[in-house]
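Before any comments, here is the structure.
Whatever order the structure lists them in is the order used to number ligands and atoms, beginning at 1. Positions are given from 1, in the same order as the sequence printed here.
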Amino acid sequence: MVGIFGGTFNPIHLGHLRAAEEVMEKLGLEHMIFIPSARPPHKTHESEIIAPAADRLDWVQRAIASNHHFRVDAIEMERPGPSYLVDTLTTLLEKHSAQDLVFILGQDAFSEMGDWKAPEQLFSMANFAVLVRPPARAGTLEDWTPECVRSDFSFSDDGLSARHRTTERWIRRVSIEALEISSTRIRQRVSEGASLESWVPETIRTAIENSPVYSTPSHPHQPNRENPV
Ligand code: ATP
Ligand code: MG
């Protein structure tokens with residue numbers, strides 16, 4: 001089985017790497033493919049500065065280079081328009097079978113999947129691993145599953161897994177000992193001129209600390225700032 005770790009990675013940090021490592025171990029995955037989102041459809045907040053796709057991709061590449069189990073795929077950067085998961089999975093399914101693909105995402109993102117493009121289709125295209133970080137959230141996997149797909153699944157009594165009624169795809173809840181790191185905190189730290197030591201891999205630390213995109217605190221949002229990719 002192959003893990004797919006999607007995210008804005010704005011920027012990638014040690015929390016992502018640690019989570020990827022833990023979930024690989026827990027699900028016995030062969031490798032993990034990091035897929036940075038070129039134009040995230042849901043990250044459109046005025047205040048959120050998004051580094052150019054080429055920089056985010058470069059940081060991911062350098063962050064994972066020493067780990068033989070980690071790969072990066074620029075699939076979403078090679079496609080124009082918003083980065084919808086349904087399009088990415090369609091492309092990945094040309095090379096992999098649906099039963100071999102596990103899409104990894106945090107519980108927060110998972111609960112919002114009802115707002116993503118084509119949720120019913122998404123859940124038949126791959127398996128999903130939902131990362132739960134301490135402190136454990138109230139509720140079961142069933143509670144967090146978007147309402148529009150809930151009836152497509154049968155849920156196990158222990159609240160840890162679900163099976164798609166027609167395709168055999170599954171959803172699993174995976175508890176991890178996450179690090180308290182977010183890209184939001186990192187962008188704040190860069191804007192304050194604080195060090196990123198122990199927040200991001202050393203190989204990319206100074207590149208991110210010196211990133212002109214993050215170092216200007218009140219940079220106005222410019223949707224077209226990204227380089228054409
Ligand atoms: P932001 O603060 O900008 O939202 P982020 O740190 O959440 O950034 P994303 O690129 O949005 O990073 O996250 C990609 C995926 O990684 C999401 O599924 C998210 O839940 C997960 N993730 C982010 N940070 C951690 C962490 N510290 N531990 C485990 N998973 C994480
Ligand atoms: Mg996030």
Side-chain angles (χ1 to χ4, degrees), residues 3-27 29 32-53 55-61 63-64 70 72-77 82-85 88-89 101-116 119 122 126-137 141 144-146 171-192 196 198-201 204 208 211 213-214 217 219 221 226:
I4 308 296
F5 199 12
T8 312
F9 301 122
N10 181 35
I12 190 166
H13 53 69
L14 292 175
H16 294 129
L17 298 174
R18 167 68 176 277
E21 199 63 65
E22 269 194 81
V23 75
M24 274 197 64
E25 224 173 81
K26 294 212 159 116
L27 296 180
L29 305 179
M32 182 72 80
I33 308 177
F34 288 71
I35 303 192
S37 177
R39 287 158 290 271
H42 296 284
K43 301 229 168 171
T44 51
H45 302 298
E46 294 268 313
S47 58
E48 201 161 332
I49 287 159
I50 302 188
D55 287 352
R56 291 182 287 115
L57 174 66
D58 177 55
W59 297 331
V60 172
Q61 277 165 340
I64 67 166
F70 290 173
V72 58
D73 193 330
I75 186 171
E76 297 195 344
M77 311 228 155
S83 306
Y84 293 116
L85 180 59
T88 301
L89 290 180
L101 289 181
V102 188
F103 189 81
I104 317 295
L105 79 179
Q107 188 261 328
D108 44 339
F110 176 71
S111 331
E112 288 167 10
M113 281 185 66
D115 300 330
W116 294 16
L122 282 177
N127 304 299
F128 285 81
V130 182
L131 304 188
V132 184
R133 330 185 201 168
R137 299 284 175 102
L141 186 60
W144 308 330
T145 302
I171 309 173
R172 273 183 66 179
R173 166 187 167 138
V174 179
S175 298
I176 58 164
E177 294 175 53
L179 301 177
E180 262 310 315
I181 299 183
S182 70
S183 303
T184 304
R185 272 300 282 138
I186 289 177
R187 294 192 299 273
Q188 270 170 8
R189 288 184 65 84
V190 175
S191 74
E192 293 158 1
L196 295 184
S198 306
W199 292 75
V200 301
I204 55 172
I208 299 173
S211 153
V213 200
Y214 298 146
H219 207 296
H221 182 70
E226 299 214 343

Below 3.5 Å, N or O to N or O, backbone or side chain included: is there any such pair between [X] and ligand 1?
| X | value |
| --- | --- |
| Leu179 | yes |
| Phe9 | yes |
| Ala178 | no |
| Gly106 | yes |

Once you restrict to heavy atoms under 4.0 Å, what part of [X] touches ligand 1? Side chain, backbone, both or neither.
| X | answer |
| --- | --- |
| Arg133 | side chain |
| Ala19 | side chain |
| Asp108 | side chain |
| His13 | side chain |
| Arg185 | neither |

Min side-chain heavy-atom separation Phe103-Thr88 under 4.5 Å: no

Whether Phe5 and Phe9 hold their rings parallel, tilted or perpendicular, with breakpoints at 30° and 60°: perpendicular

Exam field: side chain Arg187 to backbone Ile50, donor-acceptor pair closer than 3.5 Å: no

Subset of ligand 1 atoms that lie under 4.0 Å from at least one heavy atom of Thr184: 1 (P), 2 (O), 3 (O)

contact_flag Asn10 ligand 1 heavy-atom lt 4.0 Å: no

